[in-house]
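Reading through the structure tokens given below for one structure.
Numbering starts at 1 and runs along the sequence shown. One-based numbering, in listed order, for ligands and for the atoms of each.
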Amino acid sequence: MFEYAPAPESRDVVDIKPSYGLFVNGEFVDGSGTAFKTINPASEEKLAEIAAASAADVDLAVQAARKAFTTWSAMPGAERAKYLFRIARIIQERSRELAVLESLDNGKPIRESRDVDLPLVAAHFFYYAGWADKLEYAGYGTRPIGVAGQVIPWNFPLLMLAWKIAPALACGNTVVLKPAETTPLTALLFAEICQQADLPPGVVNIVTGAGETGAAVVNHPDVDKVAFTGSTEVGRLIARSVAGTGKKVTLELGGKAANIVYEDAALDQAVEGIVNGIFFNQGHVCCAGSRLLVQESIAAELLDSLKRRLGTLRLGDPLDKNTDIGAINSAAQLAKIRELSDAGEQEGAERWSPACAIPDRGFWFPPTVFTGVAQSHRIAREEIFGPVLSVLTFRTPGEAVEKANNTPFGLSAGVWTEKASLMLWTADRLRAGVVWSNTFNRFDPASPFGGYKESGYGREGGRHGLEAYLAGSAPRESR
Ligand code: NAP
Ligand code: MG
């Protein structure tokens with residue numbers, strides 16, 4: 001393998017302040033909880049001190065959102081759209097700054113934050129800006145729900161913010177959003193963008209903090225709609241706590257996707273899809289293709305190619321433009337990945353990683369492949385949320401579908417075959433919200449996303465994503 005010269009993106013393009021307040025009613029204010037720090041997981045260096053919102057601070061944010069709702073919801077859709085288009089354009093203008101900040105706070109490679117996260121974030125705002133003045137025409141009515149309480153995870157901090165805020169605002173709701181504790185910085189820069197766009201105060205409020213802050217948002221009696229993306233465990237808690245309150249809820253939870261490769265598939269293309277499926281964003285992806293199901297007749301050949309390809313992945317500095325695998329987001333997540341991978345070995349699966357140097361500081365995990373995995377193994381059943389692939393084999397399409405569906409989750413799946421009939425037959429039988437064919441991890445704001453079973457309920461994105469933020473029933477053709 002040849003060596004690359006380092007090609008670091010400049011971190012000087014972003015101005016990180018030593019400390020940040022909460023964003024309430026259009027202004028940055030102090031929090032009354034105990035401030036915490038956010039670090040760069042690639043170096044363990046402290047990036048900034050972050051205010052923590054107590055239940056009382058969350059209450060002030062909800063009050064600000066309630067007050068702003070009166071004028072924001074009464075504003076003609078075409079006027080609301082102007083703000084959303086403005087925000088989308090500022091995101092594009094400041095995308096380099098946002099991408100660097102995302103990579104610093106989260107650990108993901110700049111290549112991904114620059115070429116995937118940021119373009120999708122802007123696209124999401126453009127897409128829903130376009131809907132704001134067409135809701136009535138399209139039969140959705142114009143009745144927003146009210147104040148949305150939104151809680152998001154750390155794997156796609158700004159993208160998850162866009163998924164939550166863009167449709168809520170387009171439909172005339174106001175929001176109180178809590179970013180994840182380890183990745184608050186792009187949400188706080190987004191708050192500055194709201195100021196820059198002259199968004200009326202109180203329409204967007206950002207309350208930083210830990211799980212208790214999230215619980216205060218979700219449980220606030222004046223929140224009308226709860227939108228949560230995160231673990232199935234916390235999703236269950238939330239479902240229980242809002243039951244019977246009349247709050248509308250959407251839950252986007254975990255996954256354990258099968259990536260099925262049939263013997264007739266274009267193998268080189270499939271190898272790229274497998275790599276993208278599980279090693280994109282260090283595998284910190286709810287819809288990651290973490291279970292490779294490969295037809296027995298091609299298993300040896302496919303695994304050889306896959307291992308060769310993994311040998312070329314570059315792990316290291318997330319700000320280097322050559323980096324494929326960045327840092328694991330936190331020490332806690334690294335411990336979880338290690339624990340499950342060790343369990344895989346103890347249960348008898350065979351572990352393999354390419355030779356790859358691990359930096360001295362920061363949180364890292366090499367790309368890892370387990371073969372000889374049985375369906376009962378923990379690595380085949382539990383979400384690892386890291387760069388770890390479990391390989392299982394099958395002989396017939398029926399067996400592939402049965403194994404793919406043998407999971408408590410149902411978020412996504414991939415099918416690799418040149419035969420359209422086999423692809424459609426398989427996709428029809430998979431219990432997954434999204435099925436990709438001959439590709440993986442492809443997103444578009446016009447396409448709905450969401451799960452079955454323990455992967456949650458409700459859809460985000462596309463026209464379906466509007467329904468979560470409007471009262472009344474949707475037009476028949478969109479159901
Ligand atoms: P998590 O622990 O559930 O955290 C998600 C968010 O909820 C964070 O902001 C967290 O705050 C907050 N939170 C924690 N406890 C809470 C409580 N009791 N009440 C309200 N909020 C609370 O999930 P994670 O480990 O950070 O994220 C990874 C998970 O997200 C994975 O399971 C992944 O599959 C899932 N995910 C799903 C999708 C999807 O669309 N289906 C997309 C991305 C990720 P702290 O940050 O302070 O802990
Ligand atoms: Mg951080």
Note on the Mg ion (ligand 2): protein N/O/S atoms within less than 2.8 Å are Thr38 OG1, Ile39 O, Asp105 O, Asp105 OD1, Thr182 O
Of Lys178, Glu181, Lys336, Gln150, the one whose closest heavy atom lies nearest atom 10 (C) of ligand 1 is Lys178
Looking only at protein heavy atoms, what sits closest to atom 1 (P) of ligand 1 is Ser231 OG, 3.5 Å
Closest heavy-atom approach to atom 39 (C) of ligand 1 among Gly433, Cys286, Ala332 is made by Cys286
Within the 4.0 Å heavy-atom cut-off, what Pro179 brings close to ligand 1 is backbone
Looking at Leu251, Val285, Leu253, the heavy atom closest to atom 41 (N) of ligand 1 belongs to Leu253
Please tell me whether Phe126 and Trp131 form a close aromatic pair, meaning their ring centres lie under 6.0 Å apart.
no
Notebook entry, point to check: Do Arg381 and Gln375 have a side chain donor and acceptor closer than 3.5 Å?
Noted result: no
Going by the 4.0 angstrom heavy-atom rule, the piece of Asn155 near ligand 1 is side chain
Distance col, row Ile274:CD1 vs Trp416:CH2, nearest 0.5 angstrom, shows 7.5 Å
### Query
Any heavy atom of Gly209 sitting closer than 4.0 Å to ligand 1?
yes
Could an N or O of ligand 1 be found under 3.5 Å from any N or O of Phe385, whether backbone or side chain?
no
With nothing but distance in play, are any N or O atoms of Pro153 less than 3.5 Å from an N or O of ligand 1? no
Item to complete: Determine whether the side chains of Thr232 and Glu454 contain a donor N or O and an acceptor N or O closer than 3.5 Å.
Response: no
Could you tell me whether atom 4 (O) of ligand 1 has a protein heavy atom closer than 4.0 Å?
no
In terms of its nearest heavy atom to atom 19 (N) of ligand 1, the top option of Gly254, Gly456, Ser455, Ala215 is Ala215
